[in-house]
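Since the structure is predicted, the reported quantities are computational estimates derived from the model, not experimental observations.
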Amino acid sequence: TNTGSDRNWTGHTLAQCNLYAFGRMAWCPSLTAKEVVREWVFATFEADETVLDLISEMILKSKDIYDSYTAPLGIGFMVNPHGHYGPGVEGYEFSKWGTYHRASNKAIGIDRTAKGTGYTAQYPDELREKFENLETCPEELLLFFHRIPYDYKLKSGKTLLQHIYNSRFNGAEGAEWLLKTWESLCEDIPNETFQSVHIRLKRQLDNACEWRDQVNTYFLRKTGIPDEKGRKIHE
């Protein structure tokens with residue numbers, strides 16, 4: 001929830017929804033994310049329902065957008081040490097505190113199954129078996145539990161490496177969508193709130209583009225395999 005000394009407690013107005021959700025779901029854990037977000041948005045902003053639905057959609061999509069340009073498939077954090085802000089593809093790779101991805105020119109990820117580090121042994125049998133099996137491991141956790149070659153085909157039919165490229169491009173596009181959607185609401189939101197969120201969404205778009213460029217460049221140089229869509233990646 002990141003409560004602090006900011007006037008709005010959370011530093012980012014839309015992040016107040018997280019604090020609300022924490023308290024609300026402590027009392028009623030059966031609520032869905034969509035229900036909680038809608039409650040908070042409708043209690044916070046005075047606008048017509050179309051506007052409130054758009055704000056709700058922004059919040060509901062925000063986590064997947066962030067994940068897609070920072071850490072898809074459970075690879076873990078590729079951030080600058082200490083501040084944890086901004087991309088550092090190998091920021092913690094050689095630290096004892098690292099989450100590690102151990103990318104080579106052939107594969108990425110860590111085998112945490114019984115054949116690897118044995119990390120999966122801490123789970124109940126049903127989950128352990130699910131995570132250890134490449135076919136049943138949820139794709140959002142794939143690189144946390146398995147070491148995968150770049151030419152491995154995901155359920156989408158795309159190779160792992162192409163997914164890495166696509167997710168970073170998609171994440172930057174998602175951040176741009178967040179910014180443009182918010183800008184479309186400038187007449188419907190009090191100016192102080194609008195400007196505060198606007199500044200942060202502009203910063204997020206800059207960050208997302210930086211993540212896209214640094215991560216994709218890293219893997220292009222590491223593997224020598226280009227993006228199949230021919231999009232610009234700095235070499």
Side-chain contact, heavy-atom cut-off 4.5 Å: Asn207 with Arg203?
yes
Separation of Ile189 CD1 from Trp182 CH2 (nearest 0.5 Å)
4.5 Å
Taking the six-membered ring of Tyr165 as reference, does the NZ or CZ atom of Arg231 fall below 6.0 Å from its centre and within a 45° cone about the axis?
no
More than 12 non-hydrogen atoms from neighbouring residues, nucleotides or ligands closer than 6.0 Å to CD on Glu192, yes or no?
no
Please confirm whether the backbone N or O of Ile65 pairs with a side-chain atom of Ser68, one donor and one acceptor, at under 3.5 Å?
yes
Glu46 versus Pro190: any side-chain heavy-atom pair under 4.5 Å?
no
Specify whether Tyr69 and Tyr66 have parallel, tilted or perpendicular ring planes, treating 30° as the upper limit for parallel and 60° as the lower limit for perpendicular.
perpendicular
Lys222, NZ atom: more than 12 neighbouring heavy atoms under 6.0 Å
yes
Can a salt bridge be assigned to the pair Arg24 and Glu39 using a cut-off of 4.0 Å between side-chain N and carboxylate O?
yes
So Glu132 and Phe145, do their side chains get closer than 4.5 Å, heavy atoms only?
no
Which is it for Tyr92 and Tyr100 under the ring pair (Phe, Tyr, Trp, His ring centres under 6.0 Å) test, yes or no, and what are the steps along the way?
CA-CA 7 Å; Tyr92 278 102; Tyr100 318 117; 9.0 Å; no
Side-chain heavy atoms nearer than 4.5 Å, only ILVMFWY residues, links allowed to pass through others: does that put Ile110 and Phe77 together?
no
Donor-acceptor contact below 3.5 Å, side chain Ser167 vs main chain Ile164
yes
Under a 3.5 Å distance rule, please check whether Ser56 uses its side chain to pair with a backbone N or O of Leu52 as donor and acceptor.
yes
salt_bridge(Glu228, Lys158) N-O dist < 4.0 Å
yes
Output for pair (Asn105 CG, Thr223 OG1), nearest 0.5 Å, gives 8.5 Å
For a ring pair (Phe, Tyr, Trp, His ring centres under 6.0 Å) check, start with the C-alpha distance between Tyr119 and Phe144, then their side-chain angles and the critical distance, and finish with the verdict.
CA-CA 10 Å; Tyr119 184 88; Phe144 183 83; 5.5 Å; yes
Can a salt bridge be assigned to the pair Asp53 and Arg38 using a cut-off of 4.0 Å between side-chain N and carboxylate O?
yes
CE of Met58 to CG of Leu185: how many Å apart, nearest 0.5 Å?
7.0 Å
Taking NZ, NE, NH1 and NH2 as the nitrogens, is one of them in Glu90 or Arg102 under 4.0 Å from a carboxylate oxygen of the other?
no
Closest approach of Met78 to Trp211 (non-hydrogen atoms, all atoms of both residues):
O-CH2, 2.8 Å
Could you grab the distance from atom CG of Leu60 to atom NZ of Lys34, nearest 0.5 Å is fine?
7.5 Å
When you check the gap from the basic side-chain N to the acidic O, do Asp111 and Lys115 get nearer than 4.0 Å?
no
Check Lys61 with Asp64, please: is the shortest side-chain N to carboxylate O separation under 4.0 Å?
no
Correct closest heavy-atom pair for Pro226 and Gln162 would be O-OE1, 4.4 Å
Can you name the nearest heavy-atom pair linking Asp151 to Thr159, along with the distance?
O-CG2, 4.0 Å
Thinking salt bridges, do Lys180 and Glu176 make one under a 4.0 Å N-O criterion?
yes
Return the orientation label for the Tyr150 and Phe219 ring planes: parallel under 30°, perpendicular over 60°, tilted otherwise.
perpendicular
Supply the atom-to-atom distance Phe194 CZ to Glu183 CD, rounded to the nearest 0.5 angstrom.
6.0 Å
Rounded to the nearest 0.5 Å, what separates atom NZ in Lys155 from atom CG in Leu142?
9.0 Å
Sub-3.5 Å donor-acceptor pair from the side chain of Arg168 to the main-chain atoms of Thr70, do we have one?
yes
Least distance between heavy atoms, Thr113 atom then Thr120 atom:
CA-OG1, 3.5 Å
